[in-house]
Every structure is written in C-alpha cells, then in structure tokens.
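These notes concern the structure reproduced below.
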Amino acid sequence: MNPAISIRDLHKAYRTGNVITPVLKGVSLDIAPGELFFITGPSGCGKTTLVSVLCGTLLADSGEIEVLNHHLRRMTESQLTQFRANHVGFVFQQFNLIPSLTITENVAIPLRLQHRSPSSARAAAADMLNRVGLGAKLNARPATLSGGQQQRVAIARALVHQPALVVCDEPTSALDSETGREVMDLLKPQPSDSPRTVIVVTHDPRIHHYASTIAAMEDGLIHQPPSAIPS
Amino acid sequence: MTDVSLQMLYGDRAKFALLISGVCFSSILMAQGMAMFFGILAFSFATLDNVRAPIWVVDPMVEQIGDNQPLKDTDVDRVRSVAEVAWAAPFHVGQSQARALGSGITKPVTLVGLDATSMAGAPTRLVAGSITNLRRANAVAIDEEVAARLSPDRLHPLTVGDVFEMNDHRAEIVAIVRTRQGMGGASYVFTTFDRARDYGSGQRKMTTHILAAPRHGLSSASVARHITTATGLSAFTEDQFKSKSSDWMIANSPIPFVVGLIVGIGFLVGVIVAGQTFYTFILENSRFLGALKAMGAGNGRLARMTLLQAAVVGTTGYGIGMGILSLFFRALPDGRAPLVLRWEVAAFVFAAVFLIVCFASFIGIRRVARIEPAIVFRS
C-alpha cells in the first residue's frame with residue numbers, strides 16, 4: 001500500500017535578515033493511510049514547521065514531500081490552496097473559530113470554500129455538529145461555548161468536508177483530561193467514516209495511547225524512529 | 001463567502017462603528033466645504049437670482065455681477081435696435097443707506113432701479129402689497145430683511161404703508177418681497193429707475209445694466225451674441241453671467257483656497273481614520289484570515305471579501321454623512337446660510353470616498369496577501 005504521506009530529506013530554514021535558522025534538517029518519514037500519527041517533542045524542535053509543510057501551508061526549501069499522491073513542492077500557490085480546500089482538515093490549538101459567525105456557519109466554511117451552496121453547506125454542518133454532540137447549539141456563537149465545546153466545533157469543521165488528511169495542532173493542550181479524551185474519540189478514525197489519516201502534534205502524554213504511531217522529534221530531525229503502538 | 005465577509009465586518013460592532021464614523025465625518029467635512037463654496041457663489045450672484053432677465057448687457061470691462069460700470073443712456077436704444085431683441089430696459093444696481101424714522105437706525109441696502117414702464121427685472125416672490133404700485137410717488141418695495149433690520153424697536157417689522165428715508169428722501173413701502181441675500185449682507189430695496197437717482201448716490205450715469213429679452217423663438221444665447229456683435233457691449237444669458245461671475249470669484253478670491261483646505265482636511269481625515277481603522281481591523285482578524293487561508297481560501301477570494309467590506313463601509317458612511325448634512329441644511333432658515341448642496345457636491349464626495357475606500361482596501365488586501373496560512377499553527 002502506498003503511504004498517505006512520504007517525506008524524504010526535508011529541509012526548511014527561516015531567515016530573519018541575514019540570520020538563517022535551520023528548523024528541519026533532513027526529515028524522512030512515511031505515514032500510512034488511516035493512521036493516527038502523533039508527532040511529539042520539545043518546544044522549538046520543528047514539530048509545527050513539519051506539520052505546516054506536510055499540509056501545504058508552508059513550502060520546504062529542499063527534499064521530497066508527497067501527500068495523498070500530490071508532490072507539494074512542485075505545486076503552485078493556487079494549486080496548494082485548492083489542495084488544502086479539498087483534502088485537508090485542520091484542528092488548531094486556539095480553535096480559530098470566527099467569533100461573529102454561529103458555530104453552524106463556522107463549520108460550513110470548508111464546504112463554502114468548495115463552492116457548495118450556503119443552504120446545503122449549513123445542512124451538512126448541522127449534521128456534523130449533531131454527530132459531535134452539539135446539535136442543540138447550532139445557532140450559538142463560539143464565545144458562548146466552553147473550551148471543550150469549541151474544540152468539538154473545530155473538529156466538526158475539520159471533518160465536515162470528509163478530508164483524507166486531518167492535521168491537529170495540540171488539540172487537547174487547553175482541555176482537561178475528560179474533555180481531551182472526548183476530543184480524541186471524535187478524531188479517531190471510525191470504521192464507518194471515509195478513510196482518513198490524522199496527524200496530531202502534541203505535548204500531551206495523556207493521549208498518547210490513542211496513537212497508532214508516535215514519532216519523536218528533536219533538533220529538526222525525527223530523533224526516534226516512529227514506533228507503532230500495539231492496539 | 002459574501003455573508004461570511006459581511007458578518008466578520010458587522011461582528012466587531014465597535015470597529016464597524018468607528019469605520020463608518022470616519023467615512024461619515026470625512027464625507028460631511030468635504031461636502032460641507034464644497035456646499036459652502038457653492039453657497040458663497042450663490043450669495044455673490046444673488047442679484048441674478050432676485051432679478052430674473054433672459055439677457056444682461058453690461059460694459060465690456062465688467063468682470064462679474066457685482067462690478068457696476070455705468071453705461072451711456074443711449075446704449076439702451078442701441079440694444080433695442082438689434083433686430084433679434086424683443087425688448088430692452090435700463091436697470092440700476094447701487095448701494096445706499098436706509099434710515100428708519102423715529103429710531104434713526106441706518107442700514108446699508110442694495111438699491112435696485114427698475115424701468116417704470118416695463119418693470120423689467122421686478123422681484124417675483126411677493127410677500128405683501130403690489131409691485132405695480134412702484135409707479136406711485138416715493139414708492140419702494142423692500143425685502144423682508146430690510147423690513148426686519150429697520151424695525152428692532154417695533155413690535156412688528158415695517159410693512160406696506162410704512163415710511164422710512166433714503167438719502168434724505170421719503171420712501172413709502174408698497175410691497176414686501178422675498179429675496180436671496182447678497183454677499184455683503186446688504187438686502188434689497190426696489191424702486192423705479194428715475195427715483196433710484198434720488199435714493200442713491202445721484203451719479204450722472206445711472207444705467208449699470210441693460211436687461212433684454214430675445215424675440216419669440218430665438219435663444220437667449222444667440223441673441224446675446226448678436227447684441228455683443230452689434231453694439232460692442234458685453235451681453236450674457238443669466239447662466240453665462242453666473243458662470244463668468246463664478247470664474248471671477250474662483251480666480252480672484254481666497255474662497256477656493258479656504259474651501260480646498262477644508263475639503264483636503266476632510267479627505268485626509270477619511271484616509272487616516274478609515275485607512276488606519278481598516279488596517280487594524282484586518283490586523284486583529286489576521287488569525288481568522290490565516291485560518292481561512294489554511295482551509296483553502298486563496299488570496300483572490302480574501303481580496304474580494306476585503307473589497308466588499310471596504311465598499312460597505314464606504315457606501316454606508318457616505319450615505320449617513322450626506323443624509324445628516326441634508327437634514328442639517330434643511331433645518332437651516334431658507335437663504336440665510338451660504339450652503340448649497342448640489343448634485344456635483346454629492347458626486348465629488350462619492351468619488352473622494354471611493355478613493356478612500358480604495359486606499360483602505362489596498363492596505364487591507366496588501367496585509368491579507370502577506371498573511372501566511374501557517375500563522376495559525378503559531379500560538
């Protein structure tokens with residue numbers, strides 16, 4: 001089976017004036033379809049840069065990166081935008097729900113970006129919110145919800161367009177253990193769902209047992225070979 | 001994504017109100033400045049509005065309506081001799097002093113002498129009395145302003161039948177009329193051409209203008225050209241004379257500079273307040289715009305959303321500003337304030353607001369284009 005994500009000798013550095021700071025120093029990695037893949041490591045090790053590169057929000061300087069059969073380094077900016085709209089769902093650490101929209105309108109955004117009509121997008125969003133247990137709050141604004149509820153809205157937004165890849169940045173760091181577990185239960189690929197690969201960047205050891213594979217990063221490299229977690 | 005764009009705009013009510021206020025205040029400043037300019041112009045050719053005549057004939061040296069160069073008495077006949085002219089009448093505009101009997105209050109007035117036969121140029125907005133009674137001995141028609149100014153110690157202002165003095169001559173009021181106030185604030189006293197000599201300075205040549213009309217079926221403009229060619233005098237239609245007077249004002253008075261300054265400040269206020277607030281609005285929303293970018297909204301789509309937000313701010317601010325100004329102007333006493341809200345003012349201010357909106361959109365779109373989608377992964 002082809003990997004969902006294949007990375008070879010990936011390099012990325014940030015430039016500030018004349019100062020060049022290498023962040024990814026030759027990362028190589030394969031992630032199989034349907035995996036719940038965790039990337040862990042200390043702050044500043046390059047986790048966020050790696051996840052930004054592999055979901056197409058940041059371009060690598062060198063190396064090969066193939067995601068869902070797309071060679072990201074060979075794509076134009078507009079192709080990358082289209083790729084993200086069609087194939088990637090995002091769960092951010094700070095939720096990034098637009099405060100002036102209702103949660104249904106927030107969840108409908110990925111479908112609107114795929115040119116679905118407002119009414120059909122809202123209907124699909126309402127359905128997804130029902131599935132994450134927020135069916136009674138369809139017209140609520142994000143600010144009126146608890147942190148756990150907001151993260152569930154973010155998950156609904158990430159999954160509503162059934163992406164093949166979901167990228168999560170510290171999805172449980174701001175949540176208590178119980179809520180963190182609920183969030184991970186939602187993110188875990190279900191047999192009834194369309195197949196999806198989930199990548200989670202996390203510091204949170206409380207949720208490590210959800211991972212199918214864990215890769216530990218340090219100093220811009222996958223320090224420890226990815227280890228499969230026995231289920 | 002139109003609805004998302006607008007909800008993001010309306011969602012931050014304080015910022016939205018500030019944006020609208022900036023454009024609104026800027027529109028009011030610019031429109032008020034220009035309305036004042038047109039108002040002052042209208043004041044400067046008030047005589048043209050108060051004395052309606054199709055053609056005005058003046059000395060060739062005259063540059064504007066307030067410039068009263070005397071004509072020869074024979075010039076009237078020369079104008080009458082032009083084949084295309086239906087009628088021509090002598091006309092006098094000068095300055096005088098009106099003195100109330102009893103109180104002795106003296107006020108400057110603009111003295112208008114009309115041809116007693118034709119009454120050409122007689123005021124049209126009659127409040128009381130009769131203009132034809134001007135043919136009586138010592139008869140004058142005064143405007144409401146003169147009546148009020150000469151009556152500070154009276155229960156009611158001067159009216160038909162009352163008497164005052166001009167240049168030591170008795171003047172009996174036979175009509176009260178409504179006029180537009182002139183530039184110097186002097187209001188109008190109408191009498192016959194011959195009597196104006198007694199009431200005024202008594203100058204030898206009393207004809208300052210000749211009023212004329214074209215024969216039936218001919219245009220005023222073409223007959224004015226014929227008069228100029230045949231007599232060597234300058235002849236203008238009412239609009240041409242207004243335009244010449246306006247041009248003179250623009251070239252010779254400090255008013256355009258002052259008004260330009262007001263309009264410029266208004267424009268700058270709009271650019272700074274709307275531009276700065278819009279930039280801050282984009283800056284504060286950059287995390288959400290970054291999230292939209294990450295989720296697959298391209299720069300083009302976000303630019304269209306930003307343009308829509310700026311356009312809504314511009315049209316709303318402009319609409320409210322012009323609405324407030326219109327209501328304010330409507331509440332002012334008729335003809336007292338030098339403010340004229342013409343469609344050209346509204347169009348100019350709309351164009352200026354459009355530029356402000358373009359500027360605000362430009363800096364907003366530039367900022368949006370520079371937002372990296374990866375920003376959303378940074379805490």
Side-chain angles (χ1 to χ4, degrees), chain A residues 12 43 47-53 55-59 76-102 105-106 108-115 118 121-122 141-143 154 157-158 160-161 163 167-170 173-174 201, chain B residues 1-20 277-278 280-306 308-310 312-313 316 364-366 368-379:
Chain A
K12 174 71 186 174
S43 294
K47 303 186 299 290
T48 298
T49 301
L50 177 61
V51 85
S52 299
V53 169
C55 68
T57 59
L58 196 64
L59 285 178
T76 63
E77 193 179 324
S78 66
Q79 286 171 330
L80 281 171
T81 300
Q82 203 58 46
F83 167 79
R84 294 196 302 269
N86 292 333
H87 302 294
V88 187
F90 294 88
V91 178
F92 308 110
Q93 183 179 1
Q94 295 184 342
F95 319 137
N96 289 329
L97 301 170
I98 297 174
S100 52
L101 304 182
T102 65
E105 288 161 343
N106 266 290
I109 285 175
L111 297 170
R112 301 291 305 279
L113 291 171
Q114 290 181 335
H115 304 289
R122 268 198 298 272
R141 308 266 165 193
R157 184 178 63 182
V160 71
H161 55 312
V167 175
C168 310
D169 182 33
E170 303 281 4
S173 66
V201 171
Chain B
M1 296 290 280
T2 306
D3 51 339
V4 173
S5 166
L6 292 180
Q7 277 172 277
M8 283 178 79
L9 179 67
Y10 301 148
D12 190 343
R13 287 190 186 158
K15 195 100 350 110
F16 183 55
L18 193 61
L19 277 165
I20 297 285
T277 313
F278 202 67
T280 311
F281 173 75
I282 296 288
L283 214 59
E284 288 177 0
N285 279 300
S286 42
R287 175 158 285 277
F288 305 119
L289 294 168
L292 287 174
K293 262 192 169 179
M295 287 189 282
N299 277 336
R301 190 192 288 261
L302 292 176
R304 284 194 296 278
M305 288 170 67
T306 307
L308 176 71
Q309 290 171 337
V312 167
V313 167
T316 311
I365 289 169
R366 200 159 157 264
V368 167
R370 286 160 60 180
I371 294 173
E372 287 179 29
I375 189 180
V376 289
F377 291 119
R378 295 179 201 141
S379 50

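Residue numbering restarts at 1 for every chain, and letters A, B, ... go by the order of the sequence lines.
Applying a 4.5 Å heavy-atom cutoff, the residues of residues 7-17 of chain B that approach chain A are B:Gln7, B:Met8, B:Gly11.
Scanning for side chain to side chain donor-acceptor pair (under 3.5 Å) contacts around A:Arg141 gives an empty result, with sequence neighbours left out. Contacts of A:Ser43 classified as side chain to side chain contact (heavy atoms under 4.5 Å, CB included), with partners at least two apart in sequence or in another chain: A:His203.
Listed here is the closest heavy atom pair of B:Ser5 and B:Gln309: O-NE2, 2.9 Å. Counting all heavy atoms, side chain and backbone alike, A:Asn106 lies closest to A:Pro142 at ND2-CG, 3.7 Å. Residues B:Met295 and A:Leu113 share a closest heavy-atom pair of O-CD1, 3.6 Å. In this structure, B:Ser286 and B:Ile371 approach most closely via the heavy-atom pair CB-CD1, 3.5 Å.
The most heavy-atom pairs under 4.5 Å with chain B, out of A:Pro99, A:Ser78, A:Cys55, come from A:Pro99. Between chain B and the options A:His115, A:His161, A:Glu170, heavy-atom pairs under 4.5 Å are most frequent for A:His115. For chain A, the option among B:Gly290, B:Gly300, B:Gly296, B:Ala297 with the highest count of heavy-atom pairs below 4.5 Å is B:Gly296. Ranking A:Val167, A:Thr49, A:Ile98 against chain B, the residue ahead of the rest is A:Ile98, based on heavy-atom pairs under 4.5 Å.
Distance check: A:Gln114 CD to A:Ile109 CD1 gives 13.0 Å after rounding to the nearest 0.5 Å.
There is no contact between B:Asn285 and chain A, counting heavy-atom distances below 4.5 Å.
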Distance-only check: which donor-acceptor pairs under 3.5 Å involve side-chain atoms of residues 80-92 of chain A, not counting sequence neighbours?
from    : atom 1 : to       : atom 2 : distance (Å)
A:Thr81 : OG1    : A:Glu77  : O      : 2.9
A:Arg84 : NE     : B:Lys293 : O      : 3.3
A:Arg84 : NE     : B:Ala294 : O      : 2.9
A:Arg84 : NH1    : A:Gly56  : O      : 2.6
A:Arg84 : NH2    : B:Lys293 : O      : 2.8
A:Asn86 : ND2    : A:Gln82  : O      : 3.3

